[in-house]
Amino acid sequence: MTEQIPSKVDMDKLVSLCKRRGFIFPSSEIYGGLGAFYDYGPLGVELKNNVKKAWWKASVQDRDDMVGLDASILMHPQTWVASGHVEGFADPLVECKQCHQRWRADHVKDGKCPACGGELTEPRMFNLMFKTFVGPVEDETSLVYLRPETAQGIFVNFQNVLNSTRRKLPFGIAQIGKSFRNEITTGNFIFRMREFEQMEIEYFVKPGTDEQWFKHWVEQRFNWYSNLGIKRENLRLRQHEKDELAHYARDCFDIEYLFPIGWSELEGVANRTDFDLKQHSKYSGKDLSYFDEDTKEHIMPYVIEPSAGVDRSVLAFLADSYDEEKDKEGLRVILRLHYALAPIKVAVLPLSRNEKLLPLSKEVYDNLRSCWMVQYDDAQSIGRRYRRQDEIGTPFCVTIDFQSLEDRQVTIRERDKMRQIRVPIDVLRATLEAKLCGEPFEILPPGARKWLGFE
Ligand code: GAP
């Protein structure tokens, strides 16, 4: 249950911006939508890909002790017996006797229906896994589940990865992919969906070193969010109480974010012990132990699992970067997204639609688009176009004016403080590259100067 401390950002504003500007749409909307399924639009897919890219870079590319994996969504059904999901991946479901709406019992406050106040049935356990069938016959023998977490795809491949990469402990396997849960309580936009994406790491360590690695990963993952711009005051760690721990976990910290719905889980980091490898050894009959060359012993590694949601991260990055400023034209809405996450890095804006500006503007656009996602926009006033880019988080706008035709210089305007510099086209790409990598905007390239036009 989320703690009801309101964040400064209104969920309705975010939902409306996401729809209006093409970040996120309700799924199959023309048919009335489907509960808790969402589609990512042109800007949303860029943002989401950038979140995944940043995670993959930090979790795999920048580390010597990690490798990647992409396992299939449908797995052998025994996987979910071994993992405990068939038996225990269930929530308590209650139904209103009056309006027949269904709720998760632990999400209902005073035992009454949150919609109409009616009396509720006794809770019954409801398994959250979606079922389907492999092959033409639909019976018990062809039953499979859509994976409710990506983690098990990693555990069942532990020996494959070990044998093919000759890794030594400690090492980890990272995976990004879709997961499916037939959630009972939904309705908080992309916070809780029935089809969502996870970014999971299973980090295998020698027993006895697990606590030290657990601390390491809690810290790493907390810093990942704040390094990507999430304000420290909107992030916190919460250790699970003993009676709250999942059946496989010895310890668990939630990284919580102050979402528009209150403080809620963004990511969980758990010490899963040797539970999963032991279970899969038992159910598959295959030895999943690790041979320690130093001690000449077979050991069952312990596992530290940082498990993040892509969609919850997207929601946190959107909520945290959303800002409004009063200005002479009314309200400036800004997404102050980290540059690495911004869907569009640069907008190319000719000062007007005058055809004399077209060739140079296209030249600049073609030059930049080979490096980044770049938008070309020549519709409406320059002020309106700057506002449009601010609202989608574009870090830089490049403006081509009539003087540019004479001196081959253009204006770069930055999103956050609306400062502007005038730079030669020859150094434009290198300048933008440096700024996108974090060089302070005040540092001017050769031949550039401060500029006070166009706002
Ligand atoms: N393998 C461990 C595991 O799956 P979890 O706490 O159930 O743990 C991990 O899920 C993360 O996945 C959560 O912190 C959240 O970010 C994301 N997640 C879980 N269920 C979700 C849902 N229904 N919609 C969106 N994200 C979800």
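Counting convention: from 1, in listed order, for ligands and their atoms alike. For the single chain, residues carry numbers from 1 onward in sequence order.
Protein heavy atom at the shortest distance from atom 9 (C) of ligand 1 is Ser307 OG, 3.0 Å. Of the protein's non-hydrogen atoms, the one nearest atom 18 (N) of ligand 1 is Phe196 CE1, 3.5 Å. The nearest heavy-atom contact from the protein to atom 7 (O) of ligand 1 is Arg181 NH1, 2.8 Å. Of the protein's heavy atoms, Gly309 CA, 3.7 Å lies nearest to atom 17 (C) of ligand 1.
For Asp251 and Lys215, the salt-bridge test fails: no basic side-chain N is under 4.0 Å from an acidic carboxylate O. The pair Glu442-Lys417 does not count as a salt bridge, with every side-chain nitrogen at least 4.0 angstrom from each carboxylate oxygen. Looking at Glu195 and Lys178, a side-chain N of the basic residue comes within less than 4.0 Å of a carboxylate O on the acidic one, giving a salt bridge. Between Arg104 and Asp106 there is a salt bridge, since at least one side-chain N of the basic residue sits less than 4.0 Å from a carboxylate O of the acidic one.
Close approach to Glu200 involves these atoms of ligand 1, each under 4.0 Å from a residue heavy atom: 1 (N), 2 (C), 3 (C), 4 (O). Of all atoms in ligand 1, listed by their number and element, those nearer than 4.0 Å to a heavy atom of Glu305 are 1 (N), 2 (C). Of all the atoms in ligand 1, the ones that sit under 4.0 Å from a non-hydrogen atom of Phe191 are 24 (N), 25 (C), 26 (N).
Here the shortest heavy-atom distance to atom 24 (N) of ligand 1, taken over Met193, Glu267, Arg312, belongs to Met193.
Using modelled atom types, one side-chain atom of Lys231 and one backbone atom of Asp320 make a donor-acceptor pair closer than 3.5 Å. Side-chain N or O atoms of Arg385 include one that pairs as donor or acceptor with a backbone N or O of Gln380 at under 3.5 Å.
Here the two rings, on Trp213 and Tyr203, have centers that are under 6.0 Å apart. For Phe171 and Phe204, the distance between ring centers is under 6.0 angstrom.
Between Ala308 and ligand 1, no N or O atom pair is found at a separation short of 3.5 Å. For a threshold of 3.5 Å applied to N or O pairs, the pair formed by Leu266 and ligand 1 contains at least one separation below that value. For ligand 1, one of its N or O atoms has an N or O atom of Gln198 under 3.5 Å away. Taking only nitrogen or oxygen atoms, main chain and side chain alike, Tyr248 does not reach within less than 3.5 Å of ligand 1. Considering backbone and side-chain N/O atoms, Glu265 comes within less than 3.5 Å of an N/O atom of ligand 1.
Only side-chain heavy atoms of Arg272 come within less than 4.0 Å of ligand 1; its backbone N, CA, C and O stay farther off. Contacts of Arg194 with ligand 1, taken as heavy-atom pairs under 4.0 Å, are absent altogether.
Put simply, no part of Gln152 is less than 4.0 Å from ligand 1, judged by heavy atoms.
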- List the steps, then state whether side chain to side chain contact (heavy atoms under 4.5 Å, CB included) holds for Gln159 with Lys286. CA-CA 9 Å; Gln159 280 298 350; Lys286 302 284 182 317; over 6 Å; no
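Enclosure of atom CD in Glu439 by more than 12 non-hydrogen atoms of other residues, nucleotides or ligands within 6.0 angstrom is indicated.
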